Amino acid sequence: MSDDPISQFDFDADSVQPILHDALHGADDGELFLETEVSESLVFDDGRLKAANLDSSRGFGLRCVAGDAFGYAHSSDPTLDAVRRAAEAASAVKRGHAGVLAPPPAGTNRKLYDAIDPVARPGFETKAALLQEIDAYCRTKDASVVQVSASIAGAKRSVSILRSGGDMKSDVRPLVRLNVSVTVERDGRRETGSAGAGGRAEFDRWITPDAWKPLADEALRIARVNLDAVDAPAGVFDVVLGPGWPAVLLHEAVGHGLEGDFNRKGSSAFAGRMGQQVAAKGVTVVDDGTMPERRGSLTIDDEGTPTERSVLIEDGILTGYMQDRMNARLMGHKPTGNGRRQSYAHPPLPRMTNTYMLAGEHKREEMVESLKDGIYAVNFGGGQVDITSGKFVFQCTEAYRVQDGKVVAPVKGATLIGDGPTALTQITMIGDDFEMDPGVGMCGKGGQGVPVGVGQPSLKISGLTVGGSGG
């Protein structure tokens, strides 16, 4: 099967051009987005292969942009007639509008990942045997293990973006992920720990014993820690966040507020604050879609714009937003390669790629020792965020009570409560131990989910509200 999506349709780039020309004449922007995808997932649970799915899809979406509105129509029908009907529907948005079609984005010779097929290699039997081996390893490692769930998922997504005038940009995007979850029991109490990893590369990187055993060990370690956890205290505490995955708080509570559409509409807490001090000095936040083989990386975004490294906050000063083409045009900015969509059935939105905070100079041990009575939060689970205010609630999956600079006990049920803009100003120490997450992030916005990356060094934040049931 060709990696070029258009080869899977009953038309070619030349035959669709007259339709695109008519649909986009007088519009401000627009494109025909073609996509094919093959994906596979296996779940081993309760000592058996519980689920195995192999899916394939193809389809197109046609968008016509007029001012701050757009028409969008999509279909899985691979025919020229379907494109023609979609063009008629989408182009209705430009009635009464007289625009000048924006030029296509610049091309790129950059290559951030190989055009591999993780569904085809390794084969199904190898993947199933791997999950069974992980299950056996966890159960043999600790007699307290009562449940193991291991899953593996891979996909190959090929996209092409066609514009009126003949411009076409294409990309082939692999994505893989391995997850392990372990439940342990002691004296009738059960606790769970989980770990995962992945990225835009071959499965071989994660399915060797040297790769998956540390994941299984980490899941088991977290589960054991939680067996000894006491109820988290409630109140206002200084909090130290661990490096890597805890940056999901940064992603949710701050990152979404720096996306172009929320700022253009004035609904972000950061709207109208360009050039102002929005975070403590020393805080620099970056969105970078150019990191090789990272989960959130893209050679081009879903509008065909090459991704880039965008500095959003520099030394506490707001310096940029993440932009797709439409919001960049309306705000008088340039696109930053952040126009992303879940699939051909969705229009592009300004979205994060890999969002992280740069390192500082403090040692993690120094931060923990500085806590008189506080919380050391190592890992997070789910959370909720209000984009307008930046208010957040995050659950900690691994956290510790610290008193007089010493870790006294793991805690369970801890939630961190606050708002992103305020939390940025309350950062008092930034670690020298920057890490990216292991490659498991997914981001939701507007009913669309896309893979992302997050990262940060350890951070000390003063005066966060901690929800808990302990004293």
Side-chain angles (χ1 to χ4, degrees), residues 175 177 179 181 192-199 215 218-219 222 239-259 262 269-270 279 283-289 291 294-297 312-313 322 338 340 351-359 364 375-387 389-400 413-424 426-427 430-431 433-445 448-461 464-467:
L175 189 65
R177 178 171 169 172
N179 273 65
S181 178
T192 300
S194 61
L215 289 181
E218 176 67 1
I222 295 172
V239 175
V240 172
L241 305 181
W245 178 246
V248 68
L249 189 153
L250 172 76
H251 168 102
E252 295 287 359
V254 178
H256 279 298
L258 298 177
E259 292 168 338
F262 294 127
F270 297 99
V283 172
T284 296
V285 178
V286 172
D287 184 83
D288 188 356
M291 305 174 75
R294 293 298 310 182
R295 184 172 174 85
S297 295
L312 308 174
I313 298 173
M322 291 165 279
N338 289 92
R340 305 189 63 188
R351 307 289 300 272
M352 285 173 273
T353 57
N354 303 297
T355 310
Y356 54 88
M357 184 185 298
L358 299 190
R364 192 185 323 173
I375 298 294
Y376 174 35
V378 179
N379 247 317
F380 286 157
Q384 294 180 332
V385 178
D386 182 287
I387 300 300
S389 65
K391 291 182 178 179
F392 61 80
V393 178
F394 275 91
Q395 291 80 43
C396 299
T397 56
E398 182 186 359
Y400 301 86
T415 59
L416 301 186
I417 304 167
D419 69 86
T422 301
L424 280 178
Q426 295 173 179
I427 295 173
I430 303 174
D433 55 350
F434 173 84
E435 292 180 13
M436 288 297 293
D437 78 286
V440 297
M442 283 294 293
C443 172
K445 175 182 176 180
Q448 301 187 41
V450 297
V452 295
V454 298
Q456 67 173 40
S458 296
L459 300 174
K460 182 180 178 182
I461 306 177
L464 276 184
T465 298
V466 177

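No experiment lies behind these values; they were computed from the predicted model shown.
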Q) Has K445 got more than 12 heavy atoms of other residues, nucleotides or ligands less than 6.0 Å from its NZ? A) yes
At their closest point, which heavy atom of [X] faces which heavy atom of [Y], and how far apart are they?
| X | Y | result |
| --- | --- | --- |
| S297 | N354 | OG-ND2, 2.9 Å |
| M322 | G255 | CE-O, 3.2 Å |
| F270 | P421 | CZ-CG, 4.0 Å |
| P457 | I430 | CG-CG2, 3.6 Å |
| V466 | A414 | CG1-CB, 4.5 Å |
| F392 | A423 | CE2-CB, 4.3 Å |

Q: Report the C-alpha distance between L312 and V254 in whole Å, list the side-chain angles of each, state the deciding distance to 0.1 Å, and finish with yes or no for side-chain contact (heavy atoms from CB on, under 4.5 Å).
A: CA-CA 10 Å; L312 308 174; V254 178; over 6 Å; no
Q | P438 backbone acceptor or donor facing W245 side chain under 3.5 Å | A |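 Not at all, since once roles are kept as given, no pair shorter than 3.5 Å links the two residues.
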Option among [options] that satisfies the side-chain contact (heavy atoms from CB on, under 4.5 Å) test with [X]:
| X | options | value |
| --- | --- | --- |
| I461 | I427, L424, L416 | I427 |
| R294 | D288, T353, D437 | D437 |
| Y356 | Q456, M291, E435 | M291 |

For the [atom1] atom of [X] and the [atom2] atom of [Y], what is their distance to the nearest 0.5 Å?
| X | Y | atom1 | atom2 | value |
| --- | --- | --- | --- | --- |
| Y376 | E398 | OH | CD | 8.0 Å |
| D419 | L464 | CG | CG | 9.5 Å |
| L258 | I313 | CG | CD1 | 5.0 Å |
| T397 | N379 | OG1 | CG | 4.0 Å |

Q) Is any side-chain N of the basic residue among D287 and R351 closer than 4.0 Å to the acidic one's carboxylate O? A)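 Salt bridge flag = no for R351 with D287.
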Q.
Please evaluate residues R295 and V440 with respect to the criterion side-chain contact (heavy atoms from CB on, under 4.5 Å), reporting the C-alpha separation (whole Å), side-chain torsions for both, the decisive distance (0.1 Å), and the verdict.
A. CA-CA 7 Å; R295 184 172 174 85; V440 297; 5.5 Å; no
Q) Given R340 and V452, is the side-chain contact (heavy atoms from CB on, under 4.5 Å) satisfied, shown in steps? A) CA-CA 11 Å; R340 305 189 63 188; V452 295; 3.7 Å; yes
(Q) Between S194 and N179, is the side-chain contact (heavy atoms from CB on, under 4.5 Å) condition met? List the steps. (A) CA-CA 7 Å; S194 61; N179 273 65; 5.8 Å; no
**Q.** Trace of the side chain to side chain donor-acceptor pair (under 3.5 Å) decision for S458 with D433
**A.** CA-CA 6 Å; S458 296; D433 55 350; 2.7 Å; yes
